[in-house]
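Because the structure is predicted, anything quoted here is derived from the model rather than measured.
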Amino acid sequence: MSSNDRRDSFGARSTLEIGTGSLDYYRLGALQEQGIGDVAALPFSIKVLLESVLRNNNGFDIKDDDVTRLASWASHPAGGGEMPFKPARVILQDFTGVPSLVDLAAMRSAMQRLGGNPRRVQPSIPVDLVIDHSVQVDRFGLADALRINAEIEFERNRERYEFLRWGQGAFDHFRVVPPATGIVHQVNLEYLATGVLTREIKGGREVFPDSLVGTDSHTTMINGLGVVGWGVGGIEAEAVILGQPIFMVTPQVVGFKLTGHLPEGATATDLVLVVTQMLRAKGVVGKFVEFFGEGLSSLTLPDRATLANMAPEYGATMGFFPVDAETLRYMRYTGRAPELVDLVEQYTRAQGLFRTDETPDPVYTDTLELDMGTVSTSLAGPKRPQDRVTLEEMQPAFRQALVAPTNERGFALNAGALDKHATISLDGNGHTVEVGHGAVVIAAITSCTNTSNPSVMVGAGLVAKNAVEQGLQVSPYVKTSLAPGSKVVTAYLREAGLLPYLEQLGFFVVGYGCTTCIGNSGPLPGAVAQAVEEHDLVAAAVLSGNRNFEGRISPFVQANYLASPPLVVAYAIAGTVDIDLTNDPLGHTAQGEPVYLRDIWPTQQEIAATIAAAVKPEMFEEQYGNVYDGNDTWNAIPQTGSDVYEWDPASTYIQEPPFFIDLPPQPEPLTNITGARVLALLGDSVTTDHISPAGSIAQDSPAGRYLIEHGVERKDFNSYGSRRGNDRVMMRGTFANIRIKNLLVPGTEGGVTLHLPSGKQMTIFDAAERYKAEGTPLVVLAGKEYGTGSSRDWAAKGTLLLGVKAVIAESFERIHRSNLIGMGVLPLQFKEGLASLGLTGHEVYEITGISDDLQPGQELTVRATAEDGSTKEFTVICRLDTPVEVHYYRNGGILHAVLREMVQQ
């Protein structure tokens with residue numbers, strides 16, 4: 001039986017009568033009627049997975065047993081066991097989408113070399129790529145900043161854009177949303193997502209839930225619309241694009257009950273920071289979170305999207321909200337067709353996927369509860385999004401962080417360094433200002449988390465209006481920026497008359513895309529950067545983002561705080577985080593009267609009234625009416641029309657990666673890892689930003705030297721994220737984050753290590769090249785939560801290309817573990833804590849038990865031999881969690897397995 005042949009083993013295929021005719025669908029209730037599980041008691045998110053399994057049952061990669069097991073989930077809510085899932089579509093953003101397209105192009109080249117038809121490498125489901133990560137804040141504080149940044153963006157990224165234009169023509173079912181449209185997740189929320197999908201089938205059409213995976217961890221934002229979806233690595237997404245199911249452990253579902261409503265002064269940002277802190281403490285890595293309770297009805301859909309967006313920060317696979325009346329209201333509000341909204345309601349009600357306040361609570365694996373009335377104004381930082389600080393606690397918390405040790409997420413300053421100050425020259429006329437630790441040098445209204453939410457964006461505008469009317473100004477050394485998630489935001493801020501007030505405080509629109517939050521903050525003014533660097537100041541950034549990991553925002557900023565857009569404006573005015581905004585004045589009027597935060601903070605009623613008057617459905621219709629062909633600069637880029645990409649050896653942006661070159665028809669037998677050395681010995685919470693940074697490329701780094709050697713001037717380096725189509729750059733950038741701490745070289749930061757046994761200190765890339773020449777395999781040792789953060793496939797690809805065969809960690813973040821497997825790197829988990837084993841990283845390592853009979857979760861033995869000949873032996877758990885993951889690892893990676901299957905068919 002072919003994987004494309006579906007069967008209706010349970011008689012679930014039914015007809016849904018709608019106003020324009022009828023649609024086929026697979027009715028979940030048919031299973032319960034046959035006594036197959038208590039489907040009505042399932043969490044809504046599990047019902048959506050069940051519908052996919054039921055509809056795609058083909059007896060091949062999805063079988064009857066998969067249906068019955070998942071339908072019976074309520075009897076075994078602890079999860080476990082393998083299940084397949086076929087999402088309905090895939091969404092990409094350009095930083096991760098370009099390398100995915102590079103891999104697909106490389107597979108076509110490999111297919112041609114192997115004598116096959118290159119066009120067999122083809123998307124089998126709809127794929128949308130949104131160009132949103134190319135915007136860098138080079139110009140700011142100017143009325144024409146948007147135009148200048150857009151021109152620079154096109155000039156810098158032309159090679160990448162030409163490649164994407166080739167992909168537009170070469171692949172079926174592949175659409176590109178051009179630059180300067182918005183952030184991928186906001187475009188998905190406001191336009192791409194439809195709630196349900198329909199497609200042609202033999203004899204008619206069928207309807208089914210919209211679902212997706214995306215190559216950005218914040219794909220979960222769409223959970224706020226009742227759409228199942230989450231972030232995966234580009235490697236896994238590529239397999240889904242080519243028709244492969246995702247094989248996953250059947251998830252546990254943690255129910256999060258919300259009651260009450262937000263109090264006056266609290267925002268959705270404050271709520272999500274509380275939820276993130278609670279769920280990190282609970283421990284939900286690899287689990288679904290589903291929100292329930294009567295409190296849902298008091299949350300607008302943009303508020304829900306804010307909560308769903310930060311699922312990666314609280315560790316969950318999803319943060320899901322079921323479809324309800326608010327979902328339908330939002331779809332109408334954003335200009336979706338009335339007949340589509342009607343179909344969403346009819347279908348979800350027919351399938352038991354529609355929530356009301358009277359809906360019985362589903363069965364959950366576990367639950368927790370929050371009264372939203374207890375939420376207060378908060379920030380999170382200075383190094384992690386789950387480290388929430390209330391506004392009242394902010395000043396003492398920052399001062400404590402200055403002296404706290406680095407292993408407690410502090411800055412370890414001694415007493416003599418606390419009073420350091422610097423004088424910044426503001427212009428050539430002798431105007432100066434003195435700054436100290438905590439000086440806010442970046443204040444950015446940015447990120448999909450918040451710019452999709454009118455309540456906080458209008459709130460920021462009202463704070464700006466009230467501040468300007470009181471005569472307040474932004475401190476002149478603060479780099480301010482406003483990067484809306486879509487042009488709709490600009491339209492309603494302008495309609496409300498708030499945009500001029502934001503501009504008077506320096507918050508000019510700099511672009512439509514992911515900016516400061518991804519590390520595209522751009523350079524600081526020279527005088528500011530010099531002052532921070534020469535005086536060793538702990539400078540601060542306040543941004544309305546979702547990520548504040550070390551080294552991510554700017555190389556000159558150590559203390560990074562997440563906050564609501566209104567608070568970003570407030571801290572820009574204050575100019576420092578070393579202030580108590582609950583008691584200290586932000587500034588003074590022209591008459592010398594103090595102005596406090598409470599004096600300029602708008603009420604919820606003011607915000608709601610402004611939204612009602614300014615935000616209109618026709619704004620969304622105008623924005624997205626010609627979204628694919630409305631950018632003339634993009635349209636002018638020529639398309640070659642070839643099926644196989646013509647690789648340019650001189651390109652520094654796009655190169656054919658080595659993954660499929662000389663690929664043997666059959667995989668080599670699995671063998672033990674012997675004679676391995678430690679490339680890096682790392683602590684807890686090592687993020688994918690630490691492993692594969694997305695931001696600026698240092699001139700004296702291996703990647704910087706490579707670019708200079710290939711004729712690229714420093715001003716044209718662009719970022720690591722924009723260079724992800726070139727493996728030569730990305731391999732050199734692996735473990736190159738300026739804040740990564742390799743414990744093989746104590747007391748240092750940055751991508752350095754010791755080559756062993758020589759003991760010579762060098763860059764990680766240089767050491768890896770030397771080990772490669774010596775024929776020495778490598779391992780990485782790490783603590784808890786290895787691979788936290790973005791769904792960054794280059795964190796796995798670069799690891800492989802450096803010669804790393806296995807990563808041994810105390811625990812892994814879900815997406816990065818999958819990515820390692822997808823590239824043929826073995827993830828292993830300590831049974832004991834890393835520290836308790838007393839390993840120095842200077843040992844020689846042997847990992848035994850790896851063979852073609854390797855099983856999911858199998859225990860393996862590691863023997864570490866020290867320089868004096870003594871040995872330590874310990875057991876690790878093989879984190880290949882399913883038989884399919886073993887199959888992928890055996891093939892050297894998921895795409896290697898798929899390509900071999902294509903060649904053999």
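Other residues, nucleotides and ligands contribute only 12 or fewer heavy atoms inside 6.0 Å of the CD atom of Glu155. Counted within 6.0 Å of CD on Glu618, heavy atoms from surrounding residues, nucleotides or ligands total more than 12; the atom is thus considered enclosed.
With sequence neighbours excluded, no residue forms a salt bridge (Lys or Arg N to Asp or Glu O under 4.0 Å) with Arg494. Looking at residues two or more places apart in sequence or on another chain, you find no salt bridge (Lys or Arg N to Asp or Glu O under 4.0 Å) involving Lys487. Among residues two or more places apart in sequence or in another chain, the side-chain contact (heavy atoms from CB on, under 4.5 Å) test is passed with Glu206 by Arg6, Asp24, Tyr26, Arg55, Arg199, Ile201, Phe208. Here Tyr347 pairs with Tyr25 under the ring pair (Phe, Tyr, Trp, His ring centres under 6.0 Å) rule; sequence neighbours left out. Residues passing the salt bridge (Lys or Arg N to Asp or Glu O under 4.0 Å) test with Asp128 are Arg175, sequence neighbours excluded. Take Glu151 and apply the salt bridge (Lys or Arg N to Asp or Glu O under 4.0 Å) test, not counting sequence neighbours, and it matches Arg147.
Using cut-offs of 30° and 60° for the angle between ring planes, the His218 and His185 rings count as perpendicular.
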Full working for side chain to side chain contact (heavy atoms under 4.5 Å, CB included) between Phe44 and Val323
CA-CA 9 Å; Phe44 290 92; Val323 174; over 6 Å; no
The test is salt bridge (charged side-chain N to carboxylate O under 4.0 Å, His left out); show your working for Lys47 and Glu51 and say whether it passes.
CA-CA 6 Å; Lys47 288 181 184 179; Glu51 188 282 336; over 6 Å; no
Kindly determine whether Val468 and Gln473 satisfy side chain to side chain contact (heavy atoms under 4.5 Å, CB included), including the steps that lead there.
CA-CA 7 Å; Val468 169; Gln473 297 179 334; over 6 Å; no
Please determine whether side chain to side chain contact (heavy atoms under 4.5 Å, CB included) holds for the pair Ser564 and Met457, giving the CA-CA distance in whole Å, both sets of side-chain angles, and the decisive distance to 0.1 Å.
CA-CA 9 Å; Ser564 66; Met457 296 302 289; over 6 Å; no
Please test Val130 against Leu92 for side chain to side chain contact (heavy atoms under 4.5 Å, CB included), starting from the C-alpha separation and ending with a verdict.
CA-CA 6 Å; Val130 181; Leu92 314 171; over 6 Å; no
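Judged by distance alone, the side chains of Glu290 and Ser45 do bring a donor and an acceptor atom under 3.5 Å apart. Side-chain contact annotation: Ser297 with Arg355, donor-acceptor N/O pair under 3.5 Å present. A donor-acceptor contact closer than 3.5 angstrom links the side chains of Asn188 and Arg89.
Looking at Val90 and Pro126, their side chains never come closer than 4.5 Å, going by heavy atoms from C-beta outward. Using a 4.5 Å heavy-atom cutoff, the side chains of Val184 and Val177 are not in contact. Looking at heavy atoms from C-beta onward, Asn223 lies out of side-chain contact with Trp230 at the 4.5 angstrom threshold. Between Ser722 and Asn157, some side-chain heavy-atom pair lies under the 4.5 Å cut-off. No side-chain heavy atom of Pro302 sits under 4.5 Å from any side-chain heavy atom of Ser452. At a threshold of 4.5 Å between non-hydrogen side-chain atoms, the residues Ser298 and Leu262 do not count as touching. For the pair Ile607/Gln604, no side-chain contact is recorded, criterion being any heavy-atom separation below 4.5 Å from C-beta on. Put simply, the side chain of Tyr512 does not reach to within 4.5 Å of the side chain of Ile183, judged on heavy atoms.
Residues Pro602 and Glu264 approach most closely at O-OE2, 4.3 Å, considering heavy atoms. Among all heavy-atom pairs drawn from Ala268 and Val456, the shortest one is N-CG1, 4.5 Å. Taking both residues in full, the closest heavy atoms of Ala305 and Leu189 are given as CB-CD2, 3.9 Å, listed atom of the first, atom of the second, then distance. Taking every heavy atom of both residues into account, Pro484 and Val509 meet most closely at CD-CG1, 3.9 Å. Contact record, Pro87 with Ser211: CA-OG, 3.6 Å, taken as the closest heavy-atom pair. Scanning all heavy atoms of the two residues, the minimum distance from Thr269 to Ala563 falls at CG2-C, 3.8 Å.
Panel note: side chain Ser22, backbone Ile18; no donor-acceptor pair is recorded below 3.5 Å. With Tyr161 contributing its side chain and Pro178 its backbone, the two residues share no donor-acceptor pair below 3.5 Å. Checked by atom type and distance alone, the side chain of Ser378 never pairs as donor or acceptor with a backbone atom of Thr390 at under 3.5 Å. Looking only at distances, a side-chain donor or acceptor of Gln623 sits under 3.5 Å from a matching main-chain atom of Thr181. A distance-only check finds a donor-acceptor pair linking the side chain of Gln93 to the backbone of Phe95 [under 3.5 Å]. Although no hydrogens or angles enter the test, the distance criterion places a donor-acceptor pair under 3.5 Å between the side chain of Asn466 and the main chain of Ile600. Although no hydrogens or angles enter the test, the distance criterion places a donor-acceptor pair under 3.5 Å between the side chain of Arg336 and the main chain of Glu190. In terms of modelled atom types and a separation under 3.5 Å, the side chain of Glu606 and the main chain of Ala609 share no donor-acceptor contact. Checking side-chain atoms of Asp599 against main-chain N and O of Tyr596 turns up a donor-acceptor pair under 3.5 Å. The backbone N or O of Asn635 sits less than 3.5 Å from a side-chain atom of Arg165, completing a donor-acceptor pair.
If you run side-chain contact (heavy atoms from CB on, under 4.5 Å) between Leu301 and each of Leu225, Thr334, Thr306, only Leu225 comes through.
Rounding to the nearest 0.5 Å places OG1 of Thr377 at 5.5 Å from CH2 of Trp601. Annotation: the span from Ser486 atom OG to Tyr492 atom OH amounts to 7.5 Å, rounded to 0.5 Å. Thr267 contributes atom OG1, which lies 8.5 Å from atom CG of Leu271 (distance to the nearest 0.5 angstrom). Here the straight-line distance linking atom CE of Met318 with atom CD1 of Ile222 works out to 12.0 Å at 0.5 Å rounding. If you take CG on Leu493 and CD on Glu503, they are separated by 10.0 Å, rounding to the nearest 0.5 Å. Rounding to the nearest 0.5 Å places CG of Leu482 at 9.0 Å from OG1 of Thr446.
Aromatic ring centres of Trp634 and Phe154 lie farther apart than the 6.0 Å criterion allows.
Taking 4.0 Å as the cut-off between side-chain N and carboxylate O, Arg329 and Asp324 do not count as a salt-bridged pair. Under the 4.0 Å criterion applied to side-chain N and carboxylate O atoms, Arg304 and Glu326 are not assigned as salt-bridge partners.
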